[in-house]
2 protein chains.
Amino acid sequence: MAVTIRDVARMAGVSVATVTRALSTPEVVRPTTRERVREVASSLGYHPNRAARGLITGRTGNIGLLVPDLANPFFPSIVKGVQARALEADHAVFLADTDEDPDAEAGLVRKLAKQVDGLVLCSPRMAEQELRAVAREVPMVLVYRRIAGVPSVTAEFLDGMRQALSHLVALGHRRIAYVAGPRSSWANRERVRSLRTVAKQAGVELVELGSVTPQFQGGVSVADRVLAAAVTAVIAYNDLVALGLLHRFAARGVAVPDDISVLGFDDIPLAAMVHPALTTVALPQGQAGQAGVDLLLDLLNKRDRAVRRELPTQLMVRGSTGSAR
Amino acid sequence: MAVTIRDVARMAGVSVATVTRALSTPEVVRPTTRERVREVASSLGYHPNRAARGLITGRTGNIGLLVPDLANPFFPSIVKGVQARALEADHAVFLADTDEDPDAEAGLVRKLAKQVDGLVLCSPRMAEQELRAVAREVPMVLVYRRIAGVPSVTAEFLDGMRQALSHLVALGHRRIAYVAGPRSSWANRERVRSLRTVAKQAGVELVELGSVTPQFQGGVSVADRVLAAAVTAVIAYNDLVALGLLHRFAARGVAVPDDISVLGFDDIPLAAMVHPALTTVALPQGQAGQAGVDLLLDLLNKRDRAVRRELPTQLMVRGSTGSAR
DNA sequence: CACCTGCTTGAAACGGATTTCACACTGGCT
DNA sequence: AGCCAGTGTGAAATCCGTTTCAAGCAGGTG
């Protein structure tokens, strides 16, 4: 069937040991032999069988990637980043979507764990304790979640929030609503904390609403309460919620940004496509995915242990924010 | 380290052959033995090593999934469908994103092919000839592309187009534009063909524009030409293009649907989120992914050879279409 | 010249499961 | 009693690379 190492050995007139050495540790075989073996190998189109190699080395060359919900447009770009970086490192990516279910997540993690060298978990919804337990069993890196002792990639939320608030303050807003995401969400806690800090520093009055489901529908359902709160601007937990707000505002004839400014978080591709386009705090996505893979590969090569990387955020000013009335 | 079949055999007082039989072909071992072995196995938390199994059986229990661009919101739902169905069948999914590059695609397919039992290719951009060559090397199923001799999952484009056009005709539209996608795209050819057929039957005057890149920007760039064409309605190659049209129309102060009706294709989640919400022909996404996996598993089990499944489409009437002026 | 070192290379063991082949045993039939 | 078929089980071969161990050989040293 497929060409094996023994075929190559036979054709090159050497032992299988020499073939594997010529290919994986070239420096230990005599140059003339090495070249002969390599030529035969490539002329036969030989590629070592991954299963066989994995059996002896214990490494699969695969990494697992877990996302809560691929339908949430925040994640595909991260997946693309992971995917691209993994490919460069000659690793394949197992993808698992947990449908926002923490229990399914725990099950999938353990299932995946046995087939990969390490895991990249995107915004995992699992309890911290359980996450930590899993981290002990299999090398893993967190993206958009932080836990002591586990390598992680996050963004500078505080700075992003500061950019957002400065922008609104510069436009004259003094009373601002925040629509919170799920209470159990690490990202939400992080955002609330940052926002409170910067609001206090800026002397801005903060009205906290929610929490809502972090989706379009969540924004729709809270929109009327936002209007009732008599604020001139609203910061949403994320872009999807912000889009829900925009949708409902449009339906009620509330003009954005003339009547109220709307600001999102994430910078999903849609944010720029709606009208008015959404002003939002851009979180690195593809870059975060890449960084996650980098950290994981470092971890696998026993280099660093618990690195924590914080990527920069950037405010994207678009049409949904304007001067306070 | 991990618990192996030999550990189980020793603890159960049987040979390794009996252990593997008790677990994979239970009917051939005596019930009392079988139960004893199974209990020992589960008490030890034994799970067969996939690499070892793959080495001998030649099956990996993995399937490969190729998508052109995960950032295109049409694909994540398909991936979710594939993912979910594969999980049920106890298969893991390798994901590869080709970034719309036909050459990268060809390379990735061959790379993936060696690590999986079969492939699901979503809207592949490769040339038909090359695709057919790959199909000979590895079991594969096409989703949203059709080629003779290769199992495929598509949708009833003709029927979807008929629904769309009937809807517009009922609203009084008689002169309609179509914004074409890439000429090399199978999906575009399919849509043009269907549209011409039904337009002729309905006596509708068709203005074909394009082709454009099948993205938001494509819609933006062609919007002014659509307006210049003096039509009362426009059907876009897909929803992203339609959203681009909406965006540009809004910027130019053209009212939708009062001045012009806009109709998309795909029903990506965003379609319902914008304002006005986009009327569109919904193509099955998750369902198509599931069907793709089903077909692939059938193929692997040597059942069917070249099945072709066509899923139903449905017109989603929303706010972007209205009476002709 | 005897001995040691370093460089190449090959034979064989190994990893963990599945599958083939053969053997032991039971029960039924002549 | 003798033979056959059928059932349950184990020993060993097998899948394909990687790694260990040992040996062959050339060149250098005392």
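Just so it is clear: chains get the letters A, B, ... in the order the sequence lines come, proteins before strands, and each one is counted from 1.
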Integer-rounded Å distance: D:dT18 P and A:H47 NE2
14 Å
Mind checking the CG-CG spacing from B:L131 to B:L121? Nearest 0.5 Å is all I need.
6.0 Å
What is the distance, rounded to the nearest whole Å, between atom CZ of A:R53 and atom P of C:dG16?
18 Å
Residues of residues 9-22 of chain A with a heavy atom under 4.0 Å from any atom of DNA chain D, listed by number, are A:A17, A:T20, A:R21
Round to the nearest Å and state the distance from A:L55 atom CG to D:dC16 atom P.
12 Å
Scanning both residues in full, the closest heavy-atom pair of A:L311 with A:P284 reads CB-CG, 3.4 Å
Which whole-number value in Å describes the distance from B:R6 CZ to C:dC14 P?
11 Å
Which nucleotide sits closest to the side chain of A:T57: D:dT18, D:dC16, C:dG16?
D:dT18
Output the rounded distance in Å from CG (A:L23) to P (C:dT9).
14 Å
Which nucleotide in the list D:dT9, D:dT19, D:dC15 gets nearest to the side chain of B:V29?
D:dT9
Any carboxylate oxygen within less than 4.0 angstrom of a Lys/Arg side-chain nitrogen, looking at A:R85 and A:E88?
yes
d(CZ, B:R30; P, C:dT26) in whole Å:
10 Å
When every non-hydrogen atom of B:K80 is compared with those of A:L70, the smallest separation belongs to CG-CB, 3.9 Å
Once you round it to whole Å, what is the distance between P of C:dG6 and CD of A:E27?
18 Å
How is B:R50 classified with respect to the nucleic acid when contacts are heavy atoms under 4.0 Å: base, sugar-phosphate, or nothing?
nothing
Kindly give the heavy-atom pair with the smallest separation between A:V37 and A:A22, and that separation in Å.
CG1-CB, 3.7 Å
Whether the side chain of B:R59 engages the backbone of B:D117 through a donor-acceptor N/O pair (distance < 3.5 Å, no angle test) should be reported.
no
Assign each of B:I56 and B:V28 to its nearest nucleotide of DNA chain D by heavy atoms, then name whichever residue's nucleotide is nearer the 5' end.
B:V28
Can you sort out which residues in residues 31-40 of chain A have a heavy atom within less than 4.0 Å of DNA chain D? Ascending by number, please.
none
So how far is it from B:S15 OG to B:I5 CD1, rounded to the nearest 0.5 Å?
8.5 Å
Residues B:D90 and B:R50 bridged, charged N to O under 4.0 Å
yes
Without decimals, in angstroms, what is the distance between A:R59 CZ and D:dC16 P?
24 Å
Closest heavy-atom pair, B:L296 versus B:P139, reported as atoms and distance to 0.1 Å, is CD1-O, 3.9 Å
Compare side-chain N and O positions of A:Y46 against OP1 and OP2 of D:dG17 and report whether any pair is under 4.0 Å apart.
yes
